[in-house]
Amino acid sequence: MSGLAHHVDADLRPDPGRVIAKLFLPGEELPQLRSRAGAIVARVLALPEDEVVALTEEMLADFSSRHLRYREGLLHNASMIKSHIPRKAKLSVERRLLLGACFTAEYSVEGAALCNPSAVLHPDQSGTVTGQVRAAVSLRAIGEGHISTIGFASALVGPGAAWAFEPRSKPLLGGTSSLASWRREHLRAVLDDQGKVDELSHTILAELPDQFSGLDLQAALAAAQPDLLGRQGVQATVELLRQLVASAYEVSFPDDIELSQQTLMPSAAEESNGMEDARFVRFVGDDGSVEYRATYTAYDGKRIAPRLLTSPDLRAFAAHRLAGPAARNKGMAMFPRLVGGLHLSLCRSDGESTSLATSPDGFVWGKPQLLAGPTTSWEVLQVGNCGPPIETEHGWLVLTHGVGPMRAYAIGAFLLDLDDPSKVVKRLDRPLLTTRADEREGYVPNVVYSCGGIVHDGRVWIPYGIGDARISVAWADVDELVDAMSFAG
């Protein structure tokens with residue numbers, strides 16, 4: 001421990017009672033992917049109506065308080081298997097609800113762990129007192145199968161050296177999803193990353209408008225020459241185009257629920273095994289407009305894909321794939337404003353060093369420039385960021401993570417020049433935070449890790465994950481932290 005960091009009595013622990021009712025298709029969990037839906041539907045249709053009514057009443061009594069819009073969710077899931085229901089069958093509402101329940105399962109989003117928080121200024125500052133702000137804190141929630149989702153909490157910061165998490169509300173809601181549009185050049189950059197700008201994709205891109213939807217893609221594919229579509233290997237390109245375009249989506253939440261009730265669940269194939277380590281930033285445009293942005297890592301069980309969330313208010317979100325040479329590994333973290341007319345981001349494209357990348361639009365990122373590699377014993381394996389750079393009068397304050405012997409994680413810091421962030425001005429020679437004696441155990445031992453801090457009233461506040469299992473909070477005086485840094489040689 002550096003002596004610069006101070007801990008407060010504030011923590012979050014996983015709550016297995018925070019559950020989502022999600023679609024469950026029996027048989028899909030098996031290697032052969034054999035659906036049992038037809039047989040299950042037949043059994044439910046064969047049940048006597050009085051038994052169906054009794055089962056449904058009992059089910060609604062047991063589960064309605066655990067889920068928002070529970071009946072609507074069951075009816076939606078029942079519609080997912082309507083192809084197995086005879087067309088002439090007339091089903092009561094109770095039987096449709098029971099059918100939906102047979103294809104629904106509760107998923108405990110925090111059943112395994114809760115970690116890697118990221119803090120930004122909350123859009124709602126009502127009820128705060130002088131010297132106090134409300135922070136919105138994103139959370140990596142890990143459930144069954146090590147699948148990560150993005151949850152939220154809020155905290156009151158100040159007055160003084162005070163941090164208090166506000167109570168988290170239940171039930172949770174997964175939001176309403178819909179497909180999002182694409183820009184043609186953005187898709188071209190993603191295809192280029194995949195090495196798939198072949199003759200077919202080149203032809204399809206030429207036919208698409210500058211801004212297009214999935215329907216536009218389908219029309220362009222339908223209009224393609226049969227000779228081109230019949231070439232060897234082309235179907236792989238068609239499938240990739242469809243999958244990529246379908247991976248962009250929007251999620252919205254109703255105004256009458258709390259931020260802590262919102263849960264972002266995997267909605268695209270490339271994030272089917274998790275949405276990991278969101279790094280949120282409150283981005284302020286040159287015109288004063290505010291947008292919340294977060295980079296996160298999508299994982300499909302084999303590959304990772306850097307992705308971006310954008311939101312005007314933390315109620316509605318759009319999710320897109322990132323592209324370009326800098327967007328090829330975990331841990332991108334965006335700056336909170338344009339610098340020199342460009343979007344800037346920290347990245348770890350080589351897997352072990354911190355670099356700086358630029359983008360004209362925030363979606364397609366150029367070749368990264370090295371800022372800092374592993375140099376000290378506590379970061380001998382790798383070094384990366386612990387969230388977006390924080391603007392201070394001294395420069396851009398960057399919280400870092402280092403990985404040393406025994407894969408032990410620590411949190412450090414360095415300072416970038418305010419006008420030219422490609423220059424490292426100062427660097428902390430020792431860790432700011434390491435695992436304390438009571439923080440070594442966890443889902444992943446010997447880890448302290450943050451996805452983003454916040455500065456308020458001269459203090460940098462660092463919510464951090466412990467052992468990928470639970471969350472605590474520390475702070476450091478910004479002036480003292482910068483004074484303790486050595487000038488970069």
Side-chain angles (χ1 to χ4, degrees), residues 19-64 66-109 111-112 143-149 171-179 214-215 218 235 238-240 242-243 245-247 249 251 263-275 298-302:
V19 294
I20 288 283
K22 60 182 291 188
L23 180 67
F24 171 61
L25 297 175
E28 283 200 339
E29 75 277 13
L30 301 175
Q32 64 267 31
L33 298 178
R34 180 182 61 86
S35 173
R36 306 201 314 268
I40 294 169
V41 169
R43 293 178 201 130
V44 174
L45 295 183
L47 291 173
E49 186 65 22
D50 58 344
E51 187 175 351
V52 167
V53 171
L55 283 170
T56 302
E57 288 178 353
E58 181 180 356
M59 177 186 66
L60 292 175
D62 284 347
F63 290 96
S64 290
R66 294 168 63 85
H67 302 283
L68 289 169
R69 297 163 176 76
Y70 181 54
R71 291 173 62 96
E72 293 91 328
L74 294 182
L75 293 174
H76 172 76
N77 287 354
S79 71
M80 295 293 99
I81 46 86
K82 65 180 181 180
S83 63
H84 296 280
I85 301 173
R87 292 185 180 182
K88 295 182 179 180
K90 295 183 178 180
L91 307 183
S92 65
V93 172
E94 290 81 7
R95 197 175 295 268
R96 286 194 291 131
L97 288 168
L98 184 59
L99 273 171
C102 291
F103 295 93
T104 302
E106 283 192 331
Y107 182 78
S108 176
V109 297
E144 179 187 357
H146 194 75
I147 295 176
S148 297
T149 58
L172 306 187
L173 188 66
T176 302
S177 297
S178 59
L179 293 179
L215 290 177
Q218 289 302 109
Q235 287 308 308
V238 171
E239 181 58 31
L240 178 62
R242 287 174 172 159
Q243 183 174 326
V245 171
S247 74
Y249 61 88
V251 180
T263 298
L264 292 170
M265 303 288 291
S267 296
E270 63 189 24
E271 61 190 29
S272 57
N273 272 60
M275 307 165 71
Y299 181 53
D300 67 0
K302 294 181 180 179

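FYI, the numbering just counts along the sequence from 1. Model, not experiment: these values are computed from the prediction.
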Can you give me the closest heavy-atom contact between Ile81 and Ala37, atom names plus distance? CG2-CB, 4.3 Å
Enter the distance from Thr263:OG1 to Ile20:CD1 here, rounded to the nearest 0.5 Å. 4.5 Å
Please report the closest heavy-atom contact between Val41 and His84, naming both atoms and the distance. CG1-O, 3.7 Å
Note, Ile85 side chain near Leu91 side chain (heavy atom, < 4.5 Å): yes
From CG (Leu23) to CG (Asn77), nearest 0.5 Å: 4.5 Å
Checking Ser64 side chain against Asp62 main chain: does a donor-acceptor pair fall under 3.5 Å? no
Closest heavy-atom pair, Pro266 versus Thr149, reported as atoms and distance to 0.1 Å, is CD-CG2, 3.8 Å
Is the CG atom of Leu215 crowded by more than 12 outside heavy atoms at less than 6.0 Å? no
Rounded to the nearest 0.5 angstrom, the CG-OG1 distance for Leu98 and Thr104 is 10.5 Å
Could you measure the distance from the CZ atom of Arg36 to the CZ atom of Phe103? Nearest 0.5 Å is fine. 9.0 Å
On a heavy-atom basis, the closest approach of Arg95 and Leu45 is NH1-O, 3.4 Å
Is any side-chain heavy atom of Lys22 less than 4.5 Å from a side-chain heavy atom of Glu106? no
Please check if the side chain of Gln218 supplies one atom and the backbone of Gly214 the other of a donor-acceptor pair under 3.5 Å. no
Should we count NE2 of His76 as having more than 12 external heavy atoms under 6.0 Å? no
Verify, without hydrogens or angle tests, whether Tyr107 (side chain) and Val109 (backbone) share a donor-acceptor contact under 3.5 angstrom. no
Quiz question: by atom type and distance under 3.5 Å, do the side chains of Glu144 and Ser108 form a donor-acceptor pair? no
So which heavy atom on Ala101 is nearest to which on Met59, and how close? CB-SD, 3.0 Å
Report yes if the side chains of Leu97 and Leu75 come closer than 4.5 Å at any heavy-atom pair, otherwise no. yes
Any side-chain heavy atom of Met275 within less than 4.5 Å of one from Tyr299? no
Could you check if a side-chain atom of Pro171 sits within less than 4.5 angstrom of a side-chain atom of Arg66, using non-hydrogen atoms only? no
How many angstroms lie between atom OH of Tyr249 and atom CD of Glu271, to the nearest 0.5 angstrom? 3.5 Å
When rounded to the nearest 0.5 angstrom, what is the spacing between CG in Leu240 and OG in Ser247? 9.5 Å
Answer yes if the side chains of Asp300 and Ser272 hold a donor-acceptor pair under 3.5 Å, and no otherwise. no
Which heavy atom in Cys102 sits nearest to a heavy atom in Ile40, and how many Å separate them? CB-CG2, 4.1 Å
